[in-house]
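Every value quoted in this text rests on a predicted model; they were computed, and no experiment measured them.
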Amino acid sequence: MQEILEAIMEGSADSLAALADLPVPDHYAGVVVRKDEVGMFEGLPINAKDPRKSLHLQDVPTPELGPGEALVAVLASAVNYNTVWTSIFEPLSTFGFLERYGRLSELARRHDLPYHVVGSDLSGVVLRVGAGVTKWRPGDEVVAHCLSVELEDPQGHDDTMLDPQQRIWGFETNFGGLAQLALVKSNQLMPKPAHLTWEEAGCPGLVNSTAYRQLVSHNGAAMKQGDVVLIWGASGGLGSYATQLALNGGAIPVCVVSSPVKAAICRRMGAGLVIDRASEGYRFWADERTQDQREWKRFGARIRELTGGEDPDIVFEHPGRETFGASVYVVKRGGTVVTCASTSGFWHEYDNRYLWMNLKRIIGSHFANYREAWEANRLIGKGLIHPTLSRTYPLAETGQAAFDVHRNTHQGKVGVLCLAPTEGLGVRDQQLRQTHLEAINRFRSI
């Protein structure tokens with residue numbers, strides 16, 4: 001592995017091309033959950049389930065490279081909420097995904113193992129490509145989006161997210177990005193933005209692509225210029241990209257956060273309309289079973305106060321149970337609630353009268369197809385959207401990184417250095433970086 005790392009750190013065209021001639025290690029270090037520990041948190045409330053106890057850094061065998069696949073040396077990765085779910089075995093163990101995938105074919109059987117290498121983001125360098133891969137070659141500097149799809153079913157050829165064999169890499173497949181090596185489909189690969197460091201490039205993939213489909217794509221809310229967009233958790237890993245996409249696309253974001261610190265973050269991103277729901281005391285649930293519609297109305301009045309009397313055209317919804325009733329209520333007549341994730345709970349309750357009688361729509365959105373992920377990455381590459389990376393951990397401390405995300409003590413994204421020995425490496429286009437340095441630093445200060 002050291003020889004591979006030295007060639008990558010040199011960064012010349014010759015040293016990167018030479019990776020094709022270097023041997024690939026037969027094992028590597030990866031962050032895993034273990035099948036024999038699935039029951040370790042049984043009986044505990046969700047907040048008491050600790051990723052630091054279930055995520056382990058261990059040596060694992062390098063998987064066989066199949067047709068249409070690529071083996072990537074991972075320089076950096078990031079923690080997403082699906083890593084948290086995997087680590088606490090909620091809402092169910094991911095080993096069920098791996099077992100079902102393993103029954104698909106002889107090649108897919110590789111994924112059904114007593115351990116699961118997690119992680120759904122990476123920046124790195126291609127080491128090997130499988131049969132039939134022509135677009136990518138050893139030495140290419142890449143990032144990966146997390147849609148793994150077989151593309152053998154007709155349903156996936158209009159929108160790959162509708163393919164019945166669509167899976168989220170590193171969550172519903174093995175050999176994810178929180179490791180020194182990763183196995184991906186070649187159509188997960190995209191060019192690494194040349195002006196970013198490894199850790200900056202390794203953090204936007206999942207959340208930026210998810211926000212793009214959810215908010216911008218015709219498969220999501222199809223945001224247009226002038227739309228008022230209510231964004232829950234606007235300073236977080238997903239919301240910070242939605243806020244940027246709204247601002248970049250000529251929309252008017254109304255950013256909802258839970259502290260003055262997070263409100264300040266949104267203002268630093270350029271958002272002028274911010275609601276600190278904790279400071280303003282919104283309690284959408286009177287008790288565990290009863291929502292307080294008076295709070296919905298107070299919240300809607302506050303939005304109109306900020307917007308000059310306008311209700312949101314779009315609500316960017318991802319907290320789920322805690323906020324969904326309010327989202328349906330406050331969105332304008334004929335407006336759209338677009339939803340994913342449900343980090344506060346999957347069972348949503350809302351008053352359907354406000355939906356059906358006011359011709360509102362609810363759209364479910366899940367990650368992104370290759371085109372959407374590519375377009376989202378292109379915006380990063382052109383310096384129009386910036387990584388919101390607040391802190392980076394070494395690979396050995398991934399459990400702590402996941403703990404931070406689980407307890408919501410983080411801002412923006414939490415990165416992880418894999419093969420990269422230190423932060424700040426990997427920038428290839430210094431001129432472009434200097435052009436956007438003020439914005440890069442501002443968003444990194446999140």
Could you check whether atom [atom1] of [X] has more than 12 heavy atoms from other residues, nucleotides or ligands sitting under 6.0 Å from it?
X: Glu99; atom1: CD; answer: yes
X: Arg378; atom1: CZ; answer: no
X: Arg371; atom1: CZ; answer: no
X: Arg137; atom1: CZ; answer: no
X: Arg433; atom1: CZ; answer: yes

Please, which pairs that meet side chain to side chain donor-acceptor pair (under 3.5 Å) have at least one residue in residues 118-131, sequence neighbours excluded?
Asn80-Asp121, Asn82-Ser120, Asp121-Lys413

Assess the side chains of [X] and [Y]: does a donor N or O sit below 3.5 Å from an acceptor N or O?
X: His348; Y: Ser342; result: yes
X: Glu199; Y: Thr392; result: no
X: Ser344; Y: Arg321; result: no
X: Ser209; Y: His145; result: no
X: Ser12; Y: Ser15; result: yes
X: Thr323; Y: Glu317; result: yes

For residues 416-427, which residue pairs qualify under salt bridge (charged side-chain N to carboxylate O under 4.0 Å, His left out), counting only residues two or more places apart or in two chains?
Glu423-Arg444

Applying side-chain contact (heavy atoms from CB on, under 4.5 Å) to Val142 and Val72, what does each step give before you reach the verdict?
CA-CA 9 Å; Val142 295; Val72 179; 4.2 Å; yes

Salt bridge (charged side-chain N to carboxylate O under 4.0 Å, His left out) between Lys53 and Asp50, worked out:
CA-CA 6 Å; Lys53 297 179 180 178; Asp50 190 341; 5.0 Å; no

Restricting to ring pair (Phe, Tyr, Trp, His ring centres under 6.0 Å), what partner residues turn up for His406, sequence neighbours left out?
none

Tell me, please, which residues at least two apart from Tyr241 pass ring pair (Phe, Tyr, Trp, His ring centres under 6.0 Å).
none

Working for salt bridge (charged side-chain N to carboxylate O under 4.0 Å, His left out), residues Glu69 and Arg110:
CA-CA 13 Å; Glu69 295 180 339; Arg110 297 166 298 167; 2.8 Å; yes

Acceptor/donor pairs from residues 171-179 side chains to any protein atom, 3.5 angstrom cut, sequence neighbours excluded:
residue: Glu172; atom: OE1; partner: Ile168; partner atom: N; Å: 2.7
residue: Thr173; atom: OG1; partner: Gly170; partner atom: N; Å: 3.1
residue: Asn174; atom: OD1; partner: Val117; partner atom: N; Å: 2.7
residue: Asn174; atom: ND2; partner: His111; partner atom: O; Å: 3.0
residue: Asn174; atom: ND2; partner: Tyr115; partner atom: O; Å: 3.0

How many angstroms lie between CZ in Arg391 and CG in Leu389, if you round to the nearest 0.5 Å?
11.5 Å

Should the ring pair Phe346 and Trp85 be called parallel, tilted or perpendicular, given that the plane angle runs from 0 to 90° and is split at 30 and 60?
tilted

side-chain contact (heavy atoms from CB on, under 4.5 Å) assessment of Val125 paired with Leu16:
CA-CA 8 Å; Val125 179; Leu16 292 173; 4.2 Å; yes

Under 3.5 Å, side-chain donor or acceptor atoms of residues 146-153 against the rest of the protein: list the pairs with distances, not counting sequence neighbours.
residue: Glu150; atom: OE1; partner: Lys185; partner atom: NZ; Å: 3.3
residue: Glu150; atom: OE2; partner: Tyr101; partner atom: OH; Å: 2.9
residue: Glu150; atom: OE2; partner: Lys185; partner atom: NZ; Å: 3.3

